[in-house]
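Data first, discussion second: the structure below is written as structure tokens.
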Amino acid sequence: IPIDRYRNFSIVAHVDHGKSTLSDRLLQLTGTIPINSDKQFLDRLEVERERGITIKAQTCTMIYNHKGEDYLLNLVDTPGHVDFRAEVSRSYASCRGALLIVDASQGVQAQTVANFYMAYAQDLKLIPVVNKIDLPHADIDRVLDQIEEMFELDRNDAIAISAKTGHNIEQILPAIIDRIPPPAGLKTDPLRCLLVDSWFDPYMGVILLVYVADGSLKKGDKVTSAFTRRRYDIKEAGIMHPDRTPTDALVAGQVGYISLGMKDSSEAHVGDTIMHITDIDKIEPLPGFEESKPMVFVGAYPAEGTDFKKMEESIERLVLNDRSVTMQKETSIALGQGWRLGFLGTLHASVFQERLSKEYGTSLLITKPTVPYKVLYKDGTEVIIDRPDKFPDLAVQKTKVKQLLEPMVDTMMTFPQEYIGNVISLCENGRGTQLESTYLNTGQVFLRYRMPLASLVNDFFGKLKGMTKGYASLDYEESGYDEAELQKLDLLVNGVAVDALSAVMHKSEVQAAGKEWTSKFKEFLGHELFEVIIQAAVGTKIVSRERIRAKRKDVLHKLHASDLSRRKKLLEKQKAGKKAMKEIGRVQIPHEAFEGFLANR
Ligand code: GTP
């Protein structure tokens, strides 16, 4: 099949608007999967199915006969959420068009808008598709109005379908062929191949999903990565149809997979260019290589009595499968050895946490999420605060610090109009600035706020859902760094800071957080043998204070003084019991106190 009969496209949609159902329909229509397969083919990971979201891009090639000629159609699946921005934009880079799906009963939602902006920025030809027209409250006209107003797309270009019943499905592929241009690129040029995605296969090692922009490749070719400069032999090449199907070659315009015998996903960088070794100094890599940076961090610590090595191995396995998670060892005086995990965004973090807690239950403690603050020093150095203990001691270093900065996001929300008052207060309390508020003809509002990422990681979505009876949708994009008055709040036990419990936050939040911390920690600490003072402090300034009175637990008082051996035994037992505790400020703190405090913070 010649390149002018290739079409590479993806599907842009809000969660639940029917992307997977439509994909499955298209695969069935082209005979790529059997008609009666009721499993959603493209959503393979279990957690994804449970949460109804697509995390990893999965791609599929179809062959379709149109007016007597065979076409090679590549559906490049993209994660729906812009947390996975790097993956989304790499997937879009391999496409020249996309189906923009909108649910006929719900209309345009926050994610539709966020994903539209990204697709538009990459110059994709968009085909509007109104889905779920079989629903009784479907209102096609209303949605077409929105498509015209918000996206400036012609309503006459829209296709109204039901992915569920299959109604009008047959119009989709011809529209793709007629309206989306074929990929550019020449088979005879030197190879330039974009790394779109990668995953780990237990038998084959790392599999790379690639888009061949120029040239061609085949099994046995000697290639290299523009980024790492490592050399490889192509062990296998082929298309996803729907599973890996080896082919003789992959040529310009095609999307497929290659195996290079990589042992470790960390060698695979999304956006990297693969080229032939012989061309290495002759050609430029493809544009747009961008390493994804973690934007949300949590500390993870095994609970008391858990096998650290075993847990580390299995977390490493999870991380290996999602190369966007970063992992570093971390040691805390209070909690012992653990890890600092970095995620692309709040959704990414919560999906991964869910996987962890499914696997480990309460045996893994997860600290509250933090964001990468930045310190700019006067000497020009810049430090990313990915953990609270990297925050400068302002009492000592104040004169050296030029600026404290926090990451900002452009937040997009849609929800029914009646909740606008509450949502605006939520955003303003989160230190947001309004950018846009548009009343939609569906009775919904589209609201855009620029706000600190820190406000978003603090269960913002949970609160938003709570105050809109679950009707709100949310998406966001990174929006640079702003100067902010940041402080580090410490929890002190008898004057000594408990390292794992510190947090960096905006000045305006310190007072309330301090009060909450001390009263919570008191609750979980319970009674102690000595008097304990719990304080929350910024530097030397005490923000909040609680006191626990001494309550001597005298194990000996019932015994007769002459019963010496018994007495010794009891004392030893008491000593052993104390070993499981951490001594901070000469106070023995049971591990459960930290566990309770962290779990409830
Ligand atoms: P993500 O994978 O999370 O992005 O969701 P999705 O957009 O892939 O949505 P999915 O295809 O999983 O569909 C969501 C729900 O809508 C499912 O319960 C589908 O059965 C249902 N659905 C999809 N298309 C239609 C349709 O045309 N009509 C009706 N009535 N329901 C549909």
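Remember, it's 1-based here, ligands and their atoms both numbered in the order they're listed.
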Less than 3.5 Å between some nitrogen or oxygen of Gly18 and one of ligand 1, yes or no? yes
Hey, is Thr21 touching ligand 1 through its side chain, its backbone, both or neither, going by heavy atoms under 4.0 Å? both
With atoms numbered from 1 as shown, which atoms in ligand 1 lie under 4.0 angstrom from a non-hydrogen atom of His14? 7 (O)
Strictly under 4.0 Å, does any heavy atom of His167 approach an atom of ligand 1? no
I'd like to know if Arg450 pairs up with Asp482 as an ion pair, taking the criterion as any Lys NZ or Arg NE/NH1/NH2 lying under 4.0 Å from an Asp or Glu carboxylate oxygen. yes
Under a 4.0 Å N-O cut-off, is there an ion pair linking Asp134 with Lys164? no
Using heavy-atom distances, let me know which of Val15, Asp134, Ile169, Asn168 sits nearest atom 30 (N) of ligand 1. Asp134
Before signing off on this row, confirm whether Ala163 and ligand 1 have an N or O atom pair separated by under 3.5 Å. yes
Give a yes or no answer on whether the side chain of Ser455 reaches the backbone of Met451 with a donor-acceptor pair at less than 3.5 Å. no
Side chain or backbone, does Thr165 bring an N or O within less than 3.5 Å of an N or O on ligand 1? no
Which atoms of ligand 1 are found less than 4.0 Å from any heavy atom of Leu135? 30 (N)
Tell me yes or no: between the side chains of Gln444 and Tyr439, is some donor less than 3.5 Å from an acceptor? no
For Ser162, which part has a heavy atom under 4.0 Å from ligand 1: side chain, backbone, both, or neither? both
With distance as the sole criterion, is a donor-acceptor pair present between the side chains of Glu312 and Trp339 under 3.5 Å? yes
Under 4.0 Å from one or more heavy atoms of Asp16, ligand 1 contributes atoms 5 (O), 6 (P), 7 (O), 9 (O), 14 (C), 16 (O)
Checking side-chain polar atoms at under 3.5 Å, does Thr442 have a donor or acceptor matched by the opposite partner on Gln146? yes
For ligand 1, does His17 get within less than 4.0 Å through its side chain, its backbone, both, or neither, judged by non-hydrogen atoms? backbone
Modelled atom types, side-chain donor and acceptor of Tyr449 and Gln434, under 3.5 Å: yes
Taking the six-membered ring for Trp and the full ring for Phe, Tyr or His, determine whether the centres of Phe151 and Phe116 are under 6.0 Å apart. yes
